[in-house]
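Computed from a predicted structure; not experimentally measured. In what follows, chains carry the letters A, B, and so on, assigned in the order in which the sequence lines appear, proteins first and then strands, with residues in each chain numbered from 1.
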Amino acid sequence: MKIASWNVNSLKVRLPHLTQWLADAQPDVVALQETKLEDAKFPVDELAAAGYRAVFSGQKTYNGVAILARDEPRDIVTDIPGLDDPQRRILAASVGGLRVVNLYVVNGKAVGDPKYAYKLDWLARVRDFLADELARHPRLVVLGDFNICPDDRDVYDATAWGEDILCSPPERAGLKAITDLGLHDSFRLFEAEGGHYSWWDYRQAAFRRNMGLRIDLILIGEALKSIARAATIDREPRRWERPSDHTPVMLELDLGTSP
DNA sequence: ATGGTGGGCTTCCCA
């Protein structure tokens, strides 16, 4: 089974890229972020024609998350219990014998900004939600745009970036509180070197110069660690005309033949 | 220190 995450930065603009990539990569489950679409405008029919069921939690202009799958996703959750948040950033579903939680983590703008405080609080609440999810569903996958570089290997120039937004110690502590639940950064099960990124700024020819960050992650519960086969970043869609600033990340799990 | 680019119910906000 192939499970993927992609921040598409407007599904309206990127739908042709998405359908092309689905045909090329043949993923079984895909988590999308920044769809920027109201639910009524989600391209259900186009994705069904591509062979995927879809569930989604969107809003106009900003945010928006979706899960695509070959099989119908079930037991949908669109909100963190107890958190009244109009921003559509989380979507959980059961699919293909897995529990999948798709996150579009708050960017935070800058250390000290009000959005940064919202980010740290949101992360703490997600951590508590994930603790409950993991207790109920050992076969848990938590993936999405985390808007946090796990460590300096995930930053093109860690010295210059320093402790700015996406790399500040409190953000990294917020991520560590999540991985400390027993969720592994699947990419690091296969690759120890730096220089592998999932996002490149649109400015300054950042992609051509590989000035990127690895902020799109697929975390897996301990129960899935032994069946992880490969974790990859597909840079190809970032080369296409009018790309998203993020590129898809993918994990292959060996779930065997029994359901 | 600044600003560069891109998406969006656009002349600013968000990333």
Side-chain angles (χ1 to χ4, degrees), chain A residues 5-21 30-43 46-47 56-66 85-91 102-123 126 143-150 154-168 170-172 174-175 197-217 233-249:
Chain A
S5 176
W6 193 4
N7 179 324
V8 292
N9 187 19
S10 169
L11 184 53
K12 180 181 174 183
V13 172
R14 233 65 70 185
L15 183 59
H17 284 209
L18 176 61
T19 53
Q20 181 64 57
W21 185 75
V30 184
L32 302 175
Q33 304 86 34
E34 284 205 89
T35 55
K36 301 184 178 180
L37 284 179
E38 294 174 283
D39 290 349
K41 294 185 175 175
F42 198 89
E46 291 88 338
L47 291 167
F56 34 86
S57 179
Q59 66 185 93
K60 200 188 295 185
T61 310
Y62 303 119
N63 308 311
V65 283
D85 188 354
Q87 301 194 22
R88 302 291 81 199
R89 296 182 174 278
I90 185 164
L91 182 61
N102 178 13
L103 301 179
Y104 174 46
V105 174
V106 179
N107 174 285
K109 190 178 171 82
V111 174
D113 190 275
K115 293 188 179 73
Y116 180 75
Y118 166 54
K119 180 178 195 172
L120 297 181
D121 180 63
W122 194 88
L123 281 169
V126 165
L143 75 173
D145 176 0
F146 281 72
N147 268 318
I148 300 170
C149 301
D154 305 309
V155 187
Y156 70 90
D157 186 344
T159 305
W161 200 284
E163 297 185 350
D164 282 355
I165 194 71
L166 312 187
C167 293
S168 73
E171 291 169 87
R172 285 177 166 169
L175 176 59
Y197 310 126
S198 64
W199 172 88
W200 300 262
D201 200 295
Y202 284 121
R203 296 163 283 193
Q204 300 179 303
F207 179 64
R208 183 176 57 72
R209 299 157 73 189
N210 199 27
M211 297 167 62
L213 305 174
R214 191 175 69 89
I215 54 178
D216 299 273
L217 310 177
I233 301 174
D234 185 357
R235 295 159 59 100
E236 193 57 34
R238 191 63 174 78
R239 300 189 179 97
W240 295 347
E241 196 175 339
R242 207 179 178 192
S244 169
D245 45 353
H246 296 250
T247 213
V249 299

For [X], which residues count as a side chain to side chain donor-acceptor pair (under 3.5 Å) partner, sequence neighbours excluded?
X: A/Q59; value: A/N63
X: A/S5; value: A/Q33
X: A/T247; value: none
X: A/D164; value: none

inquiry  = Between A/R238 (side chain only) and A/D245 (backbone N and O only), is there a donor and an acceptor less than 3.5 Å apart?
reply    = yes

Using the [atom1] atom as the point on both nucleotides, what is the distance between [M] and [N], in whole Å?
N: B/dG8; M: B/dG3; atom1: P; value: 25 Å
N: B/dC9; M: B/dC14; atom1: P; value: 14 Å
N: B/dG7; M: B/dT2; atom1: P; value: 26 Å

remark   = Hits for salt bridge (Lys or Arg N to Asp or Glu O under 4.0 Å) against A/R203, two or more places apart or cross-chain, chain-then-number order -> A/D201

key: Touch class at under 4.0 angstrom, heavy-atom based, for A/R238 against every strand present   = nothing

task = Report the residues that fulfil ring-ring contact (aromatic ring centres under 6.0 Å, His included) with A/F42, sequence neighbours left out, ordered by chain and then residue number.
result =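 Expected list: A/F56.
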
request  = Could you tell me from which nucleotide to which nucleotide of DNA chain B, 5' to 3', there is an atom under 4.0 Å from chain A heavy atoms?
outcome  =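 That gives a stretch of B/dG3 to B/dA15.
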
Counterpart residues, side chain to side chain contact (heavy atoms under 4.5 Å, CB included), relative to A/K60 (two or more places apart) =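 By the side chain to side chain contact (heavy atoms under 4.5 Å, CB included) rule, A/K60 matches A/E38.
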
request  = Within residues 102-114 of chain A, find the residues that approach DNA chain B with a heavy atom at under 4.0 Å, and present them sorted by residue number.
outcome  =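 Output list: A/Y104, A/N107.
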
